[in-house]
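Below, chains carry the letters A, B, ... as their sequence lines are ordered, and counting in each starts from 1. For the numbers below, each heavy atom of this structure counts, side chains included, while hydrogens, waters and symmetry mates do not.
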Number of protein chains: 2
Amino acid sequence: MPKRRILPYVLLGLINNKGELSGYQISQEFKNEVGDFWHASHSQIYPELARMKDDGWVKDKDDGKSTYYLITDLGHQVLRSWMEEPLQDNEELFSLKLYFVRDGNDPLLKILLKQELQLNQEKYAHLQDRLQEVFYNETEIKNNFGHYLILTRAIEREKNHIEWLKNKL
Amino acid sequence: MPKRRILPYVLLGLINNKGELSGYQISQEFKNEVGDFWHASHSQIYPELARMKDDGWVKDKDDGKSTYYLITDLGHQVLRSWMEEPLQDNEELFSLKLYFVRDGNDPLLKILLKQELQLNQEKYAHLQDRLQEVFYNETEIKNNFGHYLILTRAIEREKNHIEWLKNKL
DNA sequence: CAGGACATGTAAACCGTTACATGATTAA
DNA sequence: TTAATCATGTAACGGTTTACATGTCCTG
């Protein structure tokens, strides 16, 4: 399967959230809030915006100083359908998509939480299996102490995350 | 600053842990334990091993079936100095390096924990600042609920991690 | 009027994945 | 004997970063 591109959806989400944005403003966005969850450099942003315009996801509005991009009806559909796509592999997608959910009553919120819960329960089970398989006695722990530490830490981390997710559902 | 390559150090660490490994065995390693913390495909591994041999980090031993690689004295130095380099940017480096620390009494263990603690305290402070800046009242929370959720989740996550690190120090 | 921020763009290099190839060995 | 696993390699493609480039506007 060809790896899904994420950048265009991020740009679409940002433009949708703010109403209109120029390429420069988008690159500034990545230095602020959304920067904690995703990043892109201006050399990616400008060509991507051009492509999105070609595809009819956005339309542009030039005031002579900057070119601002606004989301089109098609863009709305594309964004929504991406948001509704099941989460997979990429760990950061959950945070990123959640960032774009503005309304606490949007049903997407619960859907995302449920999907993430599912993924994390699988991961938790997988890590527990590893722990059983690899560290079956004290000697193994002693001889691979760093591995033991991060594995138990990863398990704790998943547990915390699962608890948080359940709590929000 | 040019971004540091990590792959050669991972291969070096694996070879060092196991004594000797063929390219194929390394690719299998990534399907097992270390696969939870790092990954590389065989098309990266083989050329990288050749480069490492050219650089004198490893030497090879061919039994007609497979080519096995062993770490050299230079390789040991390179690995150790990489392990001692301060952690930075890349979040996964902490787990990865810890994976290579086998002896619980290796002073590197505490050094890594301290470095990670430092990084995480900075990140925690940064996220707290964001929370204060962006969500100064209930309206902001209501209008950006997804962002609020992941930001508070990220803060909780850092807090848990910091507690764990302190506990292990 | 100089330096920094605004604003946009392309080119090169780098790293990683997927696909393309090939051949030996082993187990059903 | 044929399919799976072992074993190694290169080529093509895609996405990201860094560097190269250029010009405007605003502020001290």
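The side chain of P47(B) sits closest to dT10(D) out of dT10(D), dT17(D), dG9(D). For K65(A), the side-chain atoms get nearest to dC25(D) when compared with the rest of dT8(C), dT8(D), dC25(D).
Outside the 6.0 Å centre-distance limit, the rings of H161(A) and Y124(A) are not counted as a close aromatic pair. Separation of the W57(A) and Y69(A) ring centroids does not fall under the 6.0 Å cut-off.
In this structure, F30(B) atom CZ and dT17(C) atom C1' are separated by 14 Å, rounded to whole Å. In this structure, the NZ atom of K53(B) is 13 Å from the P atom of dT8(D), given to the nearest Å. Straight-line distance from the NE2 atom of H39(B) to the C1' atom of dG16(C): 11 Å, rounded to whole Å. For R51(A) and dT10(C), the CZ to C1' distance is 13 Å, given to the nearest whole Å.
Distances shorter than 4.0 Å separate some side-chain N or O of Q44(A) from OP1 or OP2 on dT17(D). OP1 and OP2 of dG14(D) both lie 4.0 Å or more from every side-chain N or O belonging to R5(A). At the phosphate of dG16(C), neither OP1 nor OP2 sits under 4.0 Å from any side-chain N or O atom of S41(B). Here Y46(A) reaches the OP1 or OP2 of dT8(C): one of its side-chain N or O atoms lies under 4.0 Å away. A sub-4.0 Å separation between OP1 or OP2 of dC6(D) and a side-chain N or O of K31(B) is absent.
Taking the nucleotide of DNA chain D with the nearest heavy atom to each of Y24(B) and H42(B), the more 5' of the two is matched to Y24(B).
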Does E48(A) form a salt bridge (Lys or Arg N to Asp or Glu O under 4.0 Å) with R51(A)? I'd like the steps, not just the answer. CA-CA 5 Å; E48(A) 191 61 52; R51(A) 247 170 276 140; 2.8 Å; yes

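At a cut-off of 3.5 angstrom, counting only N and O atoms as typed in the model, there is a donor on one side and an acceptor on the other between the side-chain of S43(B) and the base of dT18(C).
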Enumerate donor-acceptor pairs with a distance under 3.5 Å from any side-chain N or O in residues 38-47 of chain A to protein atoms, sequence neighbours excluded.
from: S41(A); atom 1: OG; to: S43(A); atom 2: OG; distance (Å): 3.4
from: Y46(A); atom 1: OH; to: Y24(A); atom 2: N; distance (Å): 3.3

